[in-house]
Each structure stands twice: as structure tokens, then as C-alpha cells.
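We count ligands from 1, going down the list as the structure has it; atoms in each ligand are counted the same way.
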Amino acid sequence: MELNGKIAVVTGAALGIGKAITEILLKNGAKVALLDVNETAGKSLKEALDKQYGQERTLFLNCNVESEEQIKAAFQKTADNFGGIDILCNNAGILNETTWEKTVSINLVGVIRGTYLALEHMSKLSGGRGGVIVNTASMAGLGPLLSCPVYTATKHGVIGFTRAMAAASTASGYGVRFNALCPGFVQTDLFTTIPSKLGQFSHLADATEKLAEKFGILTVSEVAESLLELVTDETKNGEAFLVFPQGKKYVTFPSFSS
Ligand SMILES: NC(=O)C1=CN([C@@H]2O[C@H](COP(=O)(O)OP(=O)(O)OC[C@H]3O[C@@H](n4cnc5c(N)ncnc54)[C@H](O)[C@@H]3O)[C@@H](O)[C@H]2O)C=CC1
Ligand SMILES: CCCCCC(=O)CC\C=C/C=C/C=C/[C@@H](O)[C@@H](O)CCCC(=O)O
């Protein structure tokens, strides 16, 4: 997919991986709606991006992915302002094993909610142009992270949802591709605040720290480069793309077809 002039929505766009995704999409010619609950960071990022790309290329919209109403309004504003939606990056996520219901609500329910509402604009069956949806999962969506079982569950859920939606889209003719981005540890606020977020599993923080030392830590730019690959390569649908410091690969799952 050629990105020039395409319209993208990124959730959790104000900081971390979402910010890097926003920047790489802009660099490659897309217009981007930045959705985030952090209004201060979001507005300050938009100001910086306006200087580099011009104020017509971005929109900042205060939007909590836990709210159906807010997502609906943000997508409508994006479509009205830019003329449709071609790309959705469901990226917003948290790690908190104490307020674990909120972790499920943002990381998994938020992705499902965002996807269904975006399809109303993107699916060829409802007058859209088709496009691509990339969900930020995690390496913890492919294998268990012992210090955060609920976070692990949400990321496994995101990968399962993405793969099923890809198959549903092909079978139904939505014209929308679905892929999951699965990074290892990444240098962001979410990663650096881990010890205080593990709740009843805080005694396992050291084990996770050792794992991060063993695997290494990615930069947000490395993750954004991989996102770009998933967005632009039109052959990719239903993929889980594992990205870690030693390299990246498309994950092979067991096949149950005879
Ligand atoms: N940092 C890491 O090691 C890894 C992170 N991930 C995933 O990447 C995604 C982004 O994480 P990071 O950039 O690391 O986190 P971060 O904490 O640096 O940034 C997250 C952004 O999402 C926003 N956000 C949080 N809750 C929101 C909500 N309810 N609605 C809208 N926006 C919301 C925050 O305000 C923030 O701007 C998450 O889904 C995370 O699970 C995946 C693998 C590794
Ligand atoms: C608690 C930190 C979460 C940070 C946010 C993430 O999403 C990072 C996820 C990164 C890596 C996950 C790795 C999971 C690996 C396990 O399934 C297993 O392969 C580990 C094997 C143990 C070992 O090799 O020592």
C-alpha cells in the first residue's frame, strides 16, 4: 500500500510506540489522527508535528478507547476532516495487574471496539475503501510472561482476534487486512514503570528484568519500522509479526486443516 495521502488513525498516539508509529506514517506521506487520553502530551506532540509537516496533516483527538461514544466521535471527526479512514493502528495499551479489569478493558475490549467501529468507515461492505488494521499485541501474546498473567491474556486475545478477523474479512469481502505487531521489550514509560504495576506478582519483577536483559530492549523506532512493513506489504493478512532486538519474523502457527 502506497502511503501518500492515506488517512490513518493511531490510538495511544501521544507517547511511546504510538508516537513513533505516528511519526513514521507522517514521514511516509499519510495524514494521521492522533487519539489519546493524555491531552497534554497529545497537544504538545501535535504542535511539534505541525512545525515539521504543517497543521493540515494531523488531528489530535482526546479519546479513551474504553468509551464507545468517544471512539465513534473521533472516527467520525477523522473521516469528516480528512475524507475517510484507510489505516487503523489499535495501539493504546496499559500494564496493570492490580486494576486488571481495566487492563482487559483497554488492551482487548478497546481493540475489538475500535475495530468494529472503524469497519463502519473502512469496510467495502459499508461504503469504505478497504485498508489495513494493525493491532499492537506483544511477544507476551505468543508466550507467557509470568509476572503479568492478565496482560499476557489480553495480548494472546489480541492475536486471536486479529487472525480471526483477517479470515472473516477475506471470507466476507471487507477489503481490510488485519495484522498483529508483536514486539519484545521496548524502551517506553510502560516498560520502565513495570515494578509498580505487577500487584500480587511483584515478587516476580526480577525474573522479568532478567528476561529483558536476556532478550534486549528495542527502541520505538525499530517497532515503528516493523509496523510500516505490515501496513505497506499488501500480501500480509492475518500475520503475527514478532519483533525483537535479534531480528523479526512472521510467526508460524499450527495448522488444523487436513
Ligand atoms: N513497552 C513495551 O515493552 C511493549 C509495549 N507493547 C504494547 O505497545 C502498546 C503501546 O505501549 P507503550 O508505547 O509501551 O506504552 P506507553 O505507556 O509509553 O504509551 C501508551 C499510550 O497510550 C495511551 N493510553 C493509555 N490508555 C489509553 C486509553 N484508555 N485510551 C487511549 N489512549 C490510552 C497513553 O496515554 C500513552 O500515550 C501497548 O499496547 C503495549 O501493550 C507491546 C510490547 C512491548
Ligand atoms: C512485564 C513487562 C511487560 C512489558 C511489555 C511487553 O509487552 C513486553 C513483552 C516482552 C517479552 C515477552 C516475552 C515472553 C516470553 C515467554 O513466553 C518465554 O518465552 C520466556 C522463556 C523464559 C526464558 O527463556 O528464560
Side-chain angles (χ1 to χ4, degrees), residues 9-22 33-45 60-68 70-71 74 89-97 99 102-111 113-114 134-159 180-199 201-202 204-224 226-227 240-246 251:
V9 176
V10 180
T11 69
L15 295 169
I17 294 170
K19 178 178 172 191
I21 288 174
T22 297
L34 292 70
L35 275 49
D36 208 291
V37 279
N38 187 334
E39 185 156 310
T40 311
K43 284 187 169 165
S44 124
L45 176 59
F60 169 72
L61 300 166
N62 189 335
C63 174
N64 185 340
V65 298
E66 290 188 275
S67 160
E68 169 124 0
Q70 289 182 24
I71 305 178
C89 301
N90 277 314
N91 168 77
I94 62 164
L95 192 165
N96 195 318
E97 294 294 316
T99 58
K102 199 171 175 65
T103 300
V104 177
S105 172
I106 294 174
N107 293 11
L108 181 56
V109 183
V111 168
R113 198 180 278 124
V134 179
N135 298 323
T136 308
S138 163
M139 191 167 165
L142 296 163
L145 206 43
L146 77 173
S147 58
C148 44
V150 172
Y151 181 82
T152 294
T154 63
K155 295 305 183 177
H156 276 67
V158 168
I159 293 175
L181 183 60
C182 306
F185 299 98
V186 190
Q187 194 61 53
T188 67
D189 289 354
L190 181 144
F191 176 66
T192 52
T193 58
I194 286 169
S196 63
K197 305 280 175 60
L198 300 180
F201 304 102
S202 57
L204 299 173
D206 284 354
T208 300
E209 206 174 298
K210 285 205 179 79
L211 202 60
E213 276 166 23
K214 176 178 157 185
F215 286 132
I217 299 168
L218 292 158
T219 64
V220 291
S221 310
E222 289 171 303
V223 179
S226 305
L227 173 285
F241 195 24
L242 174 61
V243 187
F244 51 114
Q246 290 71 32
V251 177

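- With respect to atom 22 (O) of ligand 1, the closest heavy atom belonging to the protein is Gly12 CA, 3.3 Å.
- In this structure, the side chains of Pro149 and Phe201 come closer than 4.5 Å at one or more pairs of heavy atoms.
- Between Ile159 and Leu142, the closest side-chain pair of non-hydrogen atoms falls below 4.5 Å.
- Under the 4.0 Å criterion applied to side-chain N and carboxylate O atoms, Glu66 and Arg113 are not assigned as salt-bridge partners.
- Of all protein heavy atoms, the one lying nearest to atom 22 (C) of ligand 2 is Leu211 CD1, 3.7 Å.
- Closest to atom 3 (O) of ligand 1, if we only count protein heavy atoms, is Val186 N, 2.8 Å.
- Closest to atom 33 (C) of ligand 1 by heavy atom, among Val37, Ile217, Thr192, is Val37.
- The distance criterion of under 3.5 Å between nitrogen or oxygen atoms is met by Tyr151 with respect to ligand 2.
- With a 4.0 Å heavy-atom cut-off, ligand 1 is reached by the backbone of Ala137 but not by any atom from C-beta on.
- Among Leu204, Val186, Ile194, the residue whose heavy atom lies closest to atom 2 (C) of ligand 2 is Ile194.
- Atom numbering of ligand 1 starts at 1 in the shown order; those under 4.0 Å from a heavy atom of Ala92 are 31 (C), 32 (N), 33 (C), 39 (O).
- Both the backbone and the side chain of Asn91 come within 4.0 Å of ligand 1, counting heavy atoms alone.
- Compare Leu15, Thr103, Asn64 by their heavy atoms: the one nearest to atom 28 (C) of ligand 1 is in Asn64.
- For atom 17 (O) of ligand 2, the nearest protein heavy atom is under 4.0 Å away.
- Under a 4.0 angstrom heavy-atom cut-off, Leu146 registers as lying outside contact with ligand 2.
- Residue Cys63 places a heavy atom under 4.0 Å from ligand 1.
- The protein atom (non-hydrogen) at minimum distance from atom 3 (C) of ligand 2 is Leu95 CD1, 3.3 Å.
- When only interatomic distances are considered, the shortest N/O to N/O separation between Gly184 and ligand 2 does not fall below 3.5 Å.
- Contacts with ligand 2 closer than 4.0 Å are made by no heavy atom of Leu142, backbone or side chain.
- Of all protein heavy atoms, the one lying nearest to atom 43 (C) of ligand 1 is Pro183 O, 3.4 Å.
- Near Asn38, with a cut-off below 4.0 Å to any heavy atom, the atoms of ligand 1 are 35 (O).
- Contact annotation: Lys155 has at least one heavy atom less than 4.0 Å from an atom of ligand 1.
- Atoms of ligand 1 found under 4.0 Å from any heavy atom of Gly93 (numbered from 1 in listed order, with element): 38 (C), 39 (O).
- Near Lys214, meaning under 4.0 Å from any of its heavy atoms, are these atoms of ligand 2: 23 (C), 24 (O), 25 (O).
- Annotation for Ser147 and Thr208: closest pair OG-OG1, 2.5 Å, computed over non-hydrogen atoms.
- Judged by distance alone, the side chain of Ser226 and the main-chain N or O of Glu222 form a donor-acceptor pair under 3.5 Å.
- Checked against a 3.5 angstrom limit, the closest N/O atoms of Ile106 and ligand 1 fall outside it.
- If you check which protein heavy atom lies closest to atom 15 (C) of ligand 2, you get Pro144 O, 3.9 Å.
- With hydrogens left out, the protein atom closest to atom 41 (O) of ligand 1 is Tyr151 OH, 2.7 Å, a heavy atom.
- Protein heavy atom nearest atom 11 (O) of ligand 1, with residue, atom name and distance: Leu190 CD1, 4.0 Å.
- When only interatomic distances are considered, the shortest N/O to N/O separation between Ile17 and ligand 1 falls below 3.5 Å.
- Close approach of ligand 2 to Thr208 (heavy-atom distance below 4.0 Å) involves ligand atoms 1 (C), 2 (C).
- For atom 19 (O) of ligand 2, the nearest protein heavy atom (residue, atom name, distance) is Phe215 CZ, 4.6 Å.
- Proximity annotation for atom 37 (O) of ligand 1: of Leu181, Leu61, Asp36, Asn62, Asp36 comes nearest, heavy atoms only.
- Every atom of ligand 1 with a heavy atom of Asp189 under 4.0 Å away is listed here by number and element: 18 (O).
- Ligand 1 does not have Gly110 within reach: every non-hydrogen atom of the residue lies 4.0 Å or more from it.
- In this structure, of Thr188, Thr40, Thr136, Asn90, the residue bringing a heavy atom nearest to atom 14 (O) of ligand 1 is Thr188.
- Side-chain polar atoms of Asn64 and Gln70 form no donor-acceptor pair below 3.5 angstrom.
- In this structure, the protein non-hydrogen atom closest to atom 9 (C) of ligand 2 is Ser138 OG, 3.3 Å.
- Each of the atoms 3 (O) of ligand 1 lies under 4.0 Å from some heavy atom of Phe185.
- Nearest protein neighbour of atom 26 (N) of ligand 1, counting heavy atoms only, is Ile94 CG2, 3.9 Å.
- When only non-hydrogen protein atoms are considered, atom 44 (C) of ligand 1 lies nearest to Gly184 O, 3.0 Å.
- Annotation: atom 30 (N) of ligand 1 to nearest protein heavy atom, Val65 N, 3.0 Å.
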